[in-house]
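To start, the structure itself, in C-alpha cells.
Because the structure is a prediction, the values reported are computed rather than measured.
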Amino acid sequence: MHRRLIPSGALATASLMLAIPASAASYSPGAPGIGDPYYPAYGNGGYDVSHYDLRLKYQPATDELEGTATLLAKTTQDLSRFNLDFLLDVSEVRVNGSRAAFATSGEHELEITPRTPLAKGTAVTVVVRYSGVPSSKQAYGFTSWHRTPDGGVGANEPEAAWWWFPSNDHPLDKATYDVSVLVPDGSQAISNGTLQSTSSRLGWTRWNWRSNKPQATYLATLAVGKFDVTTGTTESGVPVVNAYSKDLGDNYGAARASIERTGEVADWLAEYFGPYPFNALGGYVPNTNTGYALETQTRPFYSPRQFANGTNVSVVVHELAHQWYGDAVSVAGWKDIWVNEGFARYAQWLWSEHEGEGTAQELADYVYAVHPADDPFWTVKPGDPGPENQFHLAVYDRGALALQALRNEIGDADFFAILKGWPTKFAYGNASVADFQAYAEQVSGESLGALFDTWLFQASKPAAPAAARASVSASVAPVMPKSWKEIAATNSVHHDAH
C-alpha cells in the first residue's frame with residue numbers, strides 16, 4: 001500500500017478550509033486600482049466611500065501632521081482585503097470597530113485586512129490613525145505637498161490626498177467631507193466648503209470645515225499658514241471666503257484685486273452654466289513656489305506667480321468655470337480631461353467677449369491660424385491626450401477651438417442650452433467625452449460624430465474644408481486678440497502639476 005505523507009501545516013490548512021463556510025470562497029481582495037488606464041494604481045476596487053471625516057493636528061514649524069480619518073463606505077463586492085491610497089505612517093486601523101491588520105505596498109498603497117471578511121453591500125466604517133511629515137514623502141519621484149514659510153499646502157492634480165489623508169483616490173469615488181484642523185493660535189487652516197466654527201484653547205485653534213456635496217479626492221485641499229481672510233456674499237447669496245498669505249510681497253495687491261472678484265465672476269458664469277452648484281465659494285493664495293492654479297472645490301488654489309504681471313481675472317474665470325465643469329460634473333476617467341479643461345478655457349474666451357477684448361470666434365480663428373500644420377500642437381488629441389499630455393496646451397486651446405466649432409455647427413441656441421444643461425444632467429456625478437457627444441446630439445438633433453472626431457481625436461490639424469464647415473478661418477497674418485496675452489498667462493494653470 002502506497003501512503004502519501006502530508007505535512008502537518010497542510011493538515012492545519014485543510015482543517016481551516018473545512019471550517020470556513022463554502023460562501024467564503026467568494027471573498028477576494030479589492031483591486032489595488034480603480035481601473036483607469038492612465039493611472040492604473042490610482043483609486044481602489046471593492047468599495048465606495050460616501051463620507052470622509054478628517055480630524056487633524058498640524059504644526060507649521062515642523063510640518064508634522066497627526067490625524068484620525070474616519071471613512072464611511074459600502075462594499076461593492078465580497079471583500080477579504082481592501083486598499084487605501086496613502087503615504088503617511090499608520091499606527092492603527094479599525095474596521096467596524098475591530099482592529100484590522102494593515103501593511104504597505106507599492107508606491108502609495110495601504111492594504112487593510114479586516115478581522116472578518118466583508119460581504120457585498122455591507123456598510124463599513126474605517127478608522128485610520130496616522131502621523132508624519134508630509135513634505136518628507138514622495139511617490140513616483142514627486143510630492144503634492146507644498147511647504148511654505150509658515151506652513152504647508154495639499155493641492156495637486158491628479159493626486160494630492162495621499163500626503164494628508166487616506167482615500168480612494170479617483171474622481172469616480174466622490175464623497176462629502178468634514179475637515180477639522182487644530183493649528184497654533186495665529187495660524188489659519190483653510191479647506192473646502194463652509195466654515196462651520198472655530199474654537200481656541202491653550203494656544204491652539206480648531207477650524208471646522210464642511211463640504212456637503214460630493215467631492216473628488218483631488219479636489220479636497222488643506223492650507224495652513226498666516227493668512228489675511230476676507231468674507232462676503234455673491235449677489236445670489238453664496239458665502240465667499242478668500243485667503244491670502246501675509247507674505248506674498250509684491251504679488252499681494254494683484255492677487256487680491258483678482259480673487260476679490262470671485263463672486264462677480266461666479267454670478268456671470270451662472271448665466272452660461274446654470275445656478276452655482278455649491279453652497280460656498282472663494283479662493284486662496286499661499287506663498288508657494290509652484291506655478292499652477294487648481295480648481296479645488298468651492299475654494300480654488302492659486303499660485304502667487306499667477307499674479308506676477310498684475311491682475312489676472314482670466315485665471316479666476318478658468319478655475320471658477322471648473323466648479324461646474326470638473327467639480328460638479330467630474331471626469332469618468334482621466335482620458336476625459338477635455339470635459340474639464342476645454343470648457344474652462346472656453347469660459348475664458350467668453351469672458352474675453354464680455355470684456356470686449358476679442359470674441360470667441362476671433363480667438364478660435366487665431367488659435368487655428370497661429371499653429372501651422374506641422375506644429376506638434378496638433379498631434380495631441382484633446383479627446384484622449386494620453387497621461388503624458390493630460391495638461392498639454394492643446395487640451396486647453398485646441399479643446400476650446402473644438403467647442404467653437406461645435407457652436408458654429410449647431411447654432412448658439414442649442415450650444416448654450418448644452419452648456420447650461422450638461423451640469424444639471426450629470427450634477428454631482430461623473431461623465432465622459434462620449435457622454436458629452438451623446439448629450440450634444442440629443443439636444444441639437446444632429447449627428448456630430450464627424451465633427452468630434454475631426455476636432456478632438458485626429459492627431460493632425462483639421463484641413464481647410466473641415467475648418468470652413470465649422471466656420472473657422474485661417475488668416476495669413478492673424479490679428480492677436482487683445483485678451484490673448486492675459487489668457488496665455490494662465491497657460492501654466494496646470495503645467496507644473498503632476
Side-chain angles (χ1 to χ4, degrees), residues 28-50 52 71 73-77 79 81-87 105-112 138-144 154-163 165-175 214-220 294-297 322 325-344 380-392 394-396 399 426 428-438 456-457 494 497-498:
S28 60
I34 209 167
D36 193 307
Y38 278 22
Y39 303 100
Y42 287 23
N44 305 286
Y47 65 94
D48 183 82
V49 182
S50 61
Y52 291 90
L71 285 63
K74 181 173 285 189
T75 57
T76 58
Q77 69 177 69
L79 275 180
R81 189 183 74 218
F82 62 92
N83 286 19
L84 294 173
D85 301 300
F86 196 45
L87 289 174
S105 66
E107 292 273 349
H108 68 279
E109 300 288 340
L110 175 66
E111 296 183 350
I112 298 172
Q138 286 198 347
Y140 307 100
F142 68 91
T143 180
S144 290
N156 205 351
E157 182 182 16
E159 66 292 284
W162 314 341
W163 283 262
F165 70 97
S167 69
N168 191 17
D169 191 30
H170 190 275
L172 278 175
D173 194 357
K174 300 165 78 168
Q215 177 174 285
T217 41
Y218 85 95
L219 298 173
L294 182 64
E295 63 271 18
T296 42
Q297 191 159 303
H322 276 311
Y325 281 83
D327 294 10
V329 183
S330 299
V331 294
W334 282 113
K335 71 181 181 63
D336 301 307
I337 192 66
W338 171 72
V339 186
N340 290 13
E341 301 303 345
F343 292 73
V380 176
K381 300 176 289 183
D384 189 359
E388 71 283 357
N389 287 319
Q390 188 176 348
F391 302 114
H392 191 281
V395 176
Y396 296 71
F426 293 96
Y428 312 117
N430 303 77
S432 66
V433 175
D435 291 327
F436 185 85
Q437 179 183 328
L456 291 182
F457 291 102
H494 293 149
H498 172 236

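- The minimum heavy-atom distance linking Ser144 with Ala160 is given by the pair CB-CA, 3.8 Å.
- Phe142 has its side chain within reach of Glu159: a pair of non-hydrogen atoms, C-beta onward, lies under 4.5 Å apart.
- Inspection of the Thr143 and Trp163 side chains reveals an N or O donor paired with an N or O acceptor under 3.5 Å.
- In this structure, Asn430 and Pro171 have side chains that are in contact, with non-hydrogen atoms separated by less than 4.5 Å.
- Looking at heavy atoms from C-beta onward, Leu71 lies out of side-chain contact with Phe165 at the 4.5 angstrom threshold.
- Residues Tyr218 and Glu295 meet the side-chain proximity criterion, which asks for heavy atoms closer than 4.5 Å.
- Counting all heavy atoms, side chain and backbone alike, Pro382 lies closest to Val395 at CB-CA, 4.3 Å.
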Going through the distances and angles, do Asn168 and Phe82 end up as a side-chain contact (heavy atoms from CB on, under 4.5 Å)?
CA-CA 10 Å; Asn168 191 17; Phe82 62 92; over 6 Å; no

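- A donor-acceptor pair under 3.5 Å links the side-chain atoms of Asp36 to the main chain of Trp334, judged by distance alone.
- At a cut-off of 3.5 Å, with distance as the only test, no side-chain donor of Gln297 or Asp327 sits close to an acceptor on the other residue.
- The side chain to side chain donor-acceptor pair (under 3.5 Å) test with Asn44 is passed by exactly one of Asp173, Asp85, Asp169: Asp85.
- For the pair Thr296 (side chain) and Ala220 (backbone), a donor-acceptor distance under 3.5 Å is absent.
- In terms of heavy-atom proximity, Leu79 sits nearest to Gly46 at CD1-O, 3.2 Å.
- With contacts defined as side-chain heavy-atom distances shorter than 4.5 Å, the pair His392/Pro385 does not qualify.
- Taking every heavy atom of both residues into account, Glu107 and Tyr140 meet most closely at OE1-N, 3.0 Å.
- Of all heavy-atom pairs between Val329 and Phe426, the closest is CG2-O, 3.5 Å.
- The closest side-chain heavy-atom distance from Phe343 to Phe436 is below 4.5 Å.
- In this structure, Glu341 and His322 have side chains that are in contact, with non-hydrogen atoms separated by less than 4.5 Å.
- A distance of 11.0 Å separates CZ in Arg81 from CD1 in Ile112, rounded to the nearest 0.5 Å.
- Once rounded to the nearest 0.5 Å, the distance linking OG of Ser50 with NZ of Lys74 reads 8.5 Å.
- The shortest distance between side-chain heavy atoms of Tyr52 and Thr217 falls below 4.5 Å.
- Between Asn340 and Gly326 the shortest heavy-atom distance is OD1-CA, 3.3 Å.
- Annotation: Lys174, atom NZ; neighbour count of heavy atoms from other residues, nucleotides and ligands within 6.0 Å is above 12.
- Checking each of Tyr39, Tyr38, Trp338 against Gln390 for a side chain to side chain donor-acceptor pair (under 3.5 Å) leaves exactly one that passes, namely Tyr39.
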